[in-house]
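Note that the coordinates shown come from a computational prediction; the quantities given were computed from them, not determined experimentally. FYI, the numbering just counts along the sequence from 1.
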Amino acid sequence: MKTIDELLSEGVDGKRVFVRADLNVPLADGVITDDGRIRAVLPTVKALAEAGAKVVVASHLGRPKGAPDPAFSLLPAAERLGELLGAPVAFAQDTVGPAAHDAVDGLQPGQVAVIENLRFNPGETSKDDAERGAFADRLAALADVYVGDGFGAVHRKHASVYDLPARLPHYAGYLIATEVGVLKKLTEDVQRPYVVALGGAKVSDKLAVIDQLLGKADRLLIGGGMAYTFLKAKGYEVGKSLLQEDQIPVVKEYMERAEKSGVELVLPVDAMVSPDFPDLKTKAPANPTAVAADAIPADQEGLDIGPETRTLYAAKLADAATVFWNGPMGVFEHPDFAEGTKAVAQALVDSKGFTVVGGGDSAAAVRTLGFDESAFGHISTGGGASLEYLEGKTLPGLAALED
């Protein structure tokens, strides 16, 4: 895989460089609530612009239905990119039409343009190779060189991620190079003890990675909504808590495998419960109660790990040489149920090992809860991509960058 440093050494002055970024930022009424993904691509965009390239930045945002939708416009992301660069950024109101060509044709060396949401064109996400390829051909007409730097999208077989690199000289940007380097530390030469903390809502989303980690990790800590399927598999009452009944047989099998293989699989010993799901808009008090994990009342819902589990998990993370964390421990968006996620984040901050926050909600939680990002070894920009890499899958966007 060639990197952007090799491209820069070859020279990019005056060349049109297409940067497939991940500007898929959260928006509230058109306002960006977390610009982490925009900041993550800055080193690549800056380096290219400073070397005299005409930089064409492209990305998706949300899940529009293959047609323009103002709610998913990249304009706010383009404006924020300009603020962070400290220079004007041109914005094209289409992807491969006249506006895109005018914006790119108007670039001077060192300038940057952002084209509209790639998913406004059905060819971007099409499962039909010909339709996807036709869109990639039109994107290729905008550039001389391709730089892949949208790590959050590399697990997607989309036109701008998978098909376009085949049509242009292609290189990995700084973000992708960093992300891949970190993931190799979690899969190839792992420093032990290796502890993985997994949370989030659905256990089904994490089964494949648990399957892989049972042969690699020394310790697995389970939290979030997915924990209640594990507790139910042990025969516990979980009340109104999130539960995937159909996954109980698989969960039981994984618990047995963990015991046989010597992997310590740690479940919550208590939970914060409430009769109703909290109001995340008003943040009205939810009056939670701490109960033992085997004593959740039938009319209550588990919404966070309890104080004893927080202490337990912090202790289980304390001696780790390598930590990977993906998924919050509870409904961190509400202050009454944020303490479990805070406790795990703080344990990573206190750790002397190499700590990785695996993107998605975990990365959002770290920022939302006010932690210093530099206190972690690495915060990934792609939760889904990170998990699929750890599952051992071939990621289309990375495969496309290989020579």
Would you give the length of the straight line joining atom [atom1] of [X] to atom [atom2] of [Y], rounded to the nearest 0.5 angstrom?
| X | Y | atom1 | atom2 | answer |
| --- | --- | --- | --- | --- |
| Lys234 | Leu231 | NZ | CG | 7.5 Å |
| Ile296 | Tyr236 | CD1 | OH | 10.5 Å |
| Thr44 | Ile4 | OG1 | CD1 | 4.5 Å |
| Ser241 | Met226 | OG | CE | 14.5 Å |
| Leu220 | Met255 | CG | CE | 12.5 Å |
| Arg39 | Asp34 | CZ | CG | 7.0 Å |

[X] and [Y]: which non-hydrogen atoms are nearest, and at how many Å?
| X | Y | answer |
| --- | --- | --- |
| Thr341 | Gly330 | OG1-N, 3.5 Å |
| Val357 | Ala363 | CG1-N, 3.8 Å |
| Ser380 | Phe151 | OG-CE2, 3.6 Å |
| Asp94 | Ala99 | OD2-N, 3.1 Å |
| Tyr162 | Pro396 | CD1-O, 3.5 Å |
| Ala159 | Gly123 | CB-O, 3.8 Å |

Problem - Of Thr355, Val182, Leu186, the residue whose pairing with Phe324 passes side-chain contact (heavy atoms from CB on, under 4.5 Å) - result: Leu186
Taking only Lys NZ, Arg NE, NH1 and NH2, and the carboxylate oxygens of Asp or Glu, determine whether [X] and [Y] approach each other closer than 4.0 Å.
| X | Y | answer |
| --- | --- | --- |
| Arg20 | Glu124 | yes |
| Lys54 | Asp144 | no |
| Lys15 | Glu10 | no |

Exercise for the section: Any chance you could lay out the side chain to side chain contact (heavy atoms under 4.5 Å, CB included) test for Val56 and Leu107, step after step, and finish with the verdict? Expected result: CA-CA 9 Å; Val56 183; Leu107 290 176; 4.3 Å; yes
Exercise for the section: Walk me through it: do Asp372 and Ser374 pass the test side-chain hydrogen bond (donor to acceptor under 3.5 Å, both in side chains)? Expected result: CA-CA 5 Å; Asp372 182 353; Ser374 66; 2.8 Å; yes
Side chains of [X] and [Y] in contact at under 4.5 Å (non-hydrogen atoms):
| X | Y | result |
| --- | --- | --- |
| Ile176 | Leu398 | yes |
| Asp13 | Pro109 | yes |
| Leu48 | Val19 | yes |
| Leu175 | Pro43 | no |
| Lys206 | Leu387 | yes |
| Leu27 | Leu61 | yes |
| His378 | Lys185 | no |
| Arg192 | Thr322 | no |

Give a yes or no on whether the backbone of [Y] and the side-chain of [X] come within a donor-acceptor separation of less than 3.5 Å.
| X | Y | result |
| --- | --- | --- |
| Asp304 | Met272 | no |
| Ser261 | Arg257 | yes |
| Asp163 | Gly133 | no |
| Glu373 | Ile379 | no |
| Arg37 | Val25 | no |
| Ser274 | Pro288 | no |
| Asp361 | Gly327 | no |
| Thr309 | Pro268 | no |
| Arg16 | Ala141 | yes |
| Thr95 | Leu118 | no |

Just wondering, more than 12 heavy atoms not from [X] lying within 6.0 Å of its [atom1]?
| X | atom1 | result |
| --- | --- | --- |
| Glu333 | CD | yes |
| Arg63 | CZ | no |
| Tyr228 | OH | yes |
| Glu83 | CD | yes |

Problem - Qualifying side-chain hydrogen bond (donor to acceptor under 3.5 Å, both in side chains) pairs with a residue from residues 245-256, counting only residues at least two apart or across chains - result: none
Exercise for the section: Keeping to residues at least two apart or across chains, list the ring pair (Phe, Tyr, Trp, His ring centres under 6.0 Å) pairs with something in residues 328-353. Expected result: His334-Phe337
Problem - Residue pair Val263, Asp218: steps toward the side chain to side chain contact (heavy atoms under 4.5 Å, CB included) verdict - result: CA-CA 5 Å; Val263 175; Asp218 298 299; over 6 Å; no
Taking atom types as modelled and ignoring hydrogens, do the side chains of [X] and [Y] form a donor-acceptor contact shorter than 3.5 angstrom?
| X | Y | result |
| --- | --- | --- |
| Ser73 | Glu116 | yes |
| Thr381 | Glu179 | yes |
| Lys342 | Gln346 | no |

Practice task
Apply side chain to side chain contact (heavy atoms under 4.5 Å, CB included) to the pair Leu390 and Gln212, showing each step before the final yes or no.
Solution key: CA-CA 7 Å; Leu390 293 182; Gln212 288 293 314; over 6 Å; no
Practice task
Measure the acute angle between the ring planes of Phe18 and Tyr146, then classify it against the limits of 30° and 60° as parallel, tilted or perpendicular.
Solution key: parallel
Indicate every side-chain donor-acceptor pair of residues 312-320 with a distance under 3.5 Å to a residue at least two apart or in another chain.
unit_1 : atom_1 : unit_2 : atom_2 : d
Tyr313 : OH     : Ile222 : O      : 2.6
Tyr313 : OH     : Val266 : O      : 3.2
Lys316 : NZ     : Glu264 : OE2    : 2.4
Asp319 : OD1    : Arg219 : NH1    : 3.0

Practice task
Show your working on side chain to side chain contact (heavy atoms under 4.5 Å, CB included) between Leu84 and Asp35 and close with a plain yes or no.
Solution key: CA-CA 10 Å; Leu84 293 168; Asp35 66 358; 4.3 Å; yes
